[in-house]
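Remember, predicted model here, so these are calculated numbers, not experimental data.
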Amino acid sequence: MEGPLTAQPETGGRLHGSRCADCAVATYPAGPACPRCGEEAEPVELSGTGTLWTWTVQRYAPKSPPYVPPAAGFTPFTVGYVELPEGVRVLAALDIRPEDAEIGMPVTLAAGTGVPRGRRSVV
């Protein structure tokens with residue numbers, strides 16, 4: 001599905017977060033310290049597939065900058081939180097039509113420029 005964020009270059013890479021060396025809490029994006037206990041966090045590659053936790057339709061243009069509207073103007077798009085097996089919920093622009101989005105559906109995430117992109121996983 002084409003959307004306002006599609007024009008941004010995508011690396012298709014994995015999500016990189018961090019995990020606390022003391023209490024094992026995982027976070028995204030990566031940070032130097034654990035948000036729970038304050039101990040040092042180590043870089044970790046996160047799972048690429050999770051479950052759609054919730055979603056909505058972004059019906060107004062995000063703040064600019066950093067958002068750069070496409071030449072054709074703003075088009076509403078689907079956005080949601082995807083819960084990964086590590087327990088992290090990641091905000092992502094979803095390449096899923098609103099009528100096809102279902103809480104609990106499997107979603108594959110890819111890192112790129114800006115927020116991660118999500119698409120329906122083939123199970």
Side-chain angles (χ1 to χ4, degrees):
M1 178 171 137
E2 293 292 314
L5 302 179
T6 304
Q8 296 182 355
E10 242 180 77
T11 64
R14 298 289 299 261
L15 298 177
H16 294 276
S18 56
R19 183 178 307 281
C20 177
D22 191 50
C23 70
V25 166
T27 60
Y28 179 84
C34 176
R36 179 185 290 164
C37 71
E39 294 296 321
E40 185 178 340
E42 300 170 348
V44 64
E45 190 173 276
L46 298 170
S47 301
T49 302
T51 303
L52 186 58
W53 186 73
T54 193
W55 65 275
T56 191
V57 177
Q58 178 84 20
R59 297 188 190 282
Y60 57 90
K63 183 178 178 181
S64 181
Y67 174 74
V68 179
F74 174 77
T75 303
F77 60 95
T78 311
V79 62
Y81 279 96
V82 178
E83 187 168 39
L84 301 178
E86 293 87 353
V88 179
R89 291 183 187 139
V90 177
L91 177 66
L94 303 174
D95 295 323
I96 300 169
R97 297 181 314 174
E99 58 269 24
D100 295 333
E102 297 177 25
I103 292 174
M105 69 186 279
V107 174
T108 300
L109 295 177
T113 303
V115 298
R117 302 295 302 219
R119 62 181 168 74
R120 179 185 289 271
S121 295
V122 179
V123 183

- Message: If you count every heavy atom of other residues, nucleotides or ligands that lies below 6.0 Å from Tyr28 atom OH, does the total exceed 12?
- Response: yes

- Leu15/Leu84 under side-chain contact (heavy atoms from CB on, under 4.5 Å): CA gap, chis, key distance, verdict: CA-CA 11 Å; Leu15 298 177; Leu84 301 178; 4.3 Å; yes

Minimum heavy-atom distance [X]-[Y], with the two atoms named:
X	Y	answer
Ala92	Leu109	CB-CD2, 3.7 Å
Val107	Gly118	CG1-CA, 3.9 Å
Pro116	Val90	CG-CG1, 3.8 Å
Phe74	Pro62	CE1-CD, 4.0 Å
Val88	Ala26	CG2-O, 3.4 Å
Leu94	Trp55	CD1-CB, 4.2 Å

- Whether Ser18 side chain and Gly31 backbone form a donor-acceptor pair below 3.5 Å: yes

- Query: In terms of hydrophobic clusters joined by side-chain contacts under 4.5 Å, are Phe77 and Trp53 together?
  - Reply: yes

- Query: Can you get from Val82 to Val57 by hopping between Ile, Leu, Val, Met, Phe, Trp and Tyr side chains that sit under 4.5 Å apart?
  - Reply: yes

- For the atom pair CG (Asp100) and CE (Met105), what is the distance rounded to the nearest 0.5 Å? 7.5 Å

- Message: To the closest 0.5 Å, what do you measure between CZ (Arg117) and CD1 (Ile96)?
- Response: 10.5 Å

Report, one line per pair, each donor and acceptor closer than 3.5 Å where one atom sits in a side chain of residues 32-51; sequence neighbours left out.
| unit_1 | atom_1 | unit_2 | atom_2 | d |
| --- | --- | --- | --- | --- |
| Ser47 | OG | Glu86 | OE1 | 3.3 |
| Ser47 | OG | Glu86 | OE2 | 2.7 |

